[in-house]
Amino acid sequence: MFLLFKNMASKNPPKTLGQDAQELEKPKRRNSSRVRDHLANERTYLAWMRSAVALMGFGVLIARLRLFHPPALQTPGNGWRLGLVFSIIGLLTVLLSTQHYFAVRHDIDEDTYEPADRWVILFSLAILLLGSGVVYYFFTAPLSPLSSFVFE
């Protein structure tokens with residue numbers, strides 16, 4: 001019984017003025033919902049980075065595949081332009097998503113975060129335009145005379 005009372009007393013010893021100042025200087029535990037918000041922000045940022053890398057890779061792939069043309073075709077075509085646009089959109093995605101990450105991080109810390117639809121709309125329009133460009137380019141690009149795959 002005495003041991004139990006002693007343990008309870010040692011958990012909450014009387015505070016002195018110096019101990020109160022030390023407690024104020026200790027870092028406070030973060031709210032778990034704020035931590036979850038920051039982790040969700042980081043996951044979203046990493047998803048944007050994966051999308052940017054995929055766009056840049058797809059751009060390089062388009063540009064490189066159009067360089068390997070049969071000798072009968074004298075011009076390299078316009079595939080490199082479409083690949084360049086994909087790569088530029090990928091780089092812009094990196095810049096905009098990094099800026100957005102830090103803006104959301106600040107808003108979470110200030111407890112003023114409101115989701116913005118403009119990024120979703122902007123990125124959706126960019127992908128829609130790029131996808132339309134790929135479909136247009138695929139169906140208007142001249143076929144190689146040496147190709148074994150021919151549309152009829």
Side-chain angles (χ1 to χ4, degrees), residues 11-13 15 17-152:
K11 287 183 184 175
N12 297 321
K15 294 180 182 178
L17 185 58
Q19 287 176 336
D20 286 336
Q22 288 175 351
E23 285 183 11
L24 290 176
E25 292 175 6
K26 286 183 184 178
K28 296 180 181 177
R29 285 190 67 149
R30 292 191 178 240
N31 186 354
S32 64
S33 66
R34 279 192 61 233
V35 171
R36 279 193 304 269
D37 291 344
H38 281 292
L39 291 173
N41 186 31
E42 189 173 336
R43 284 190 303 271
T44 302
Y45 174 70
L46 293 174
W48 282 105
M49 288 295 109
R50 285 190 299 272
S51 298
V53 169
L55 283 168
M56 289 185 285
F58 196 59
V60 168
L61 178 72
I62 290 171
R64 294 297 294 166
L65 285 179
R66 295 311 296 169
L67 290 179
F68 298 117
H69 62 278
L73 294 175
Q74 298 300 321
T75 61
N78 293 325
W80 67 272
R81 290 184 183 140
L82 185 60
L84 180 64
V85 170
F86 266 91
S87 298
I88 289 172
I89 295 293
L91 289 173
L92 284 174
T93 302
V94 169
L95 292 174
L96 292 175
S97 63
T98 302
Q99 184 271 334
H100 183 68
Y101 168 78
F102 285 111
V104 169
R105 180 179 169 180
H106 178 265
D107 289 347
I108 290 171
D109 285 339
E110 297 294 319
D111 200 23
T112 59
Y113 175 73
E114 289 293 325
D117 295 335
R118 69 175 181 249
W119 296 113
V120 174
I121 293 169
L122 178 69
F123 197 69
S124 297
L125 286 174
I127 296 299
L128 181 68
L129 290 173
L130 289 173
S132 300
V134 168
V135 170
Y136 173 79
Y137 183 73
F138 180 74
F139 286 108
T140 60
L143 290 175
S144 165
L146 301 175
S147 175
S148 61
F149 183 74
V150 178
F151 290 111
E152 294 195 27

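What you see below is based on every heavy atom in this structure, not just the backbone, and it leaves out hydrogens, waters and symmetry mates.
Smallest separation of non-hydrogen atoms from R105 and N41: N-ND2, 3.6 Å. Contact between L55 and G90 at its shortest, heavy atoms only, is CB-CA, 3.9 Å. Smallest separation of non-hydrogen atoms from D109 and H38: OD1-NE2, 2.9 Å. Summarising the geometry of M56 relative to V94, their closest heavy-atom pair is CE-CG2, 4.3 Å, with the distance given to 0.1 Å. Taking all atoms of both residues into account, the shortest heavy-atom contact from Q99 to W119 is OE1-CZ2, 3.6 Å.
For Y45, the side chain to side chain donor-acceptor pair (under 3.5 Å) partners two or more places apart in sequence, or in a different chain, are T98. Scored by the side-chain contact (heavy atoms from CB on, under 4.5 Å) test, R43 finds L39, A40 as partners (sequence neighbours excluded).
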Criterion side-chain contact (heavy atoms from CB on, under 4.5 Å) on D107 and E114, from CA distance to verdict: CA-CA 8 Å; D107 289 347; E114 289 293 325; over 6 Å; no
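Summarising the geometry, atom CD1 belonging to I62 is positioned 4.5 Å from atom CZ belonging to F86; distances are rounded to the nearest 0.5 Å. Between the OG atom in S87 and the CG atom in L92 there is a gap of 11.0 Å [rounded to 0.5 Å]. In this structure, D117 CG and L122 CG are separated by 12.5 Å, a value rounded to the nearest 0.5 Å.
Residues T44 and H100 form no side-chain contact, since every pair of their non-hydrogen atoms from C-beta on lies 4.5 Å or further apart. Counting only heavy atoms from C-beta outward, the side chains of R34 and D111 never approach each other to under 4.5 Å.
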Which donor-acceptor pairs under 3.5 Å do the side chains of residues 123-134 make with protein atoms, sequence neighbours left out?
residue	atom	partner	partner atom	Å
S124	OG	V120	O	2.7
S132	OG	L128	O	2.8

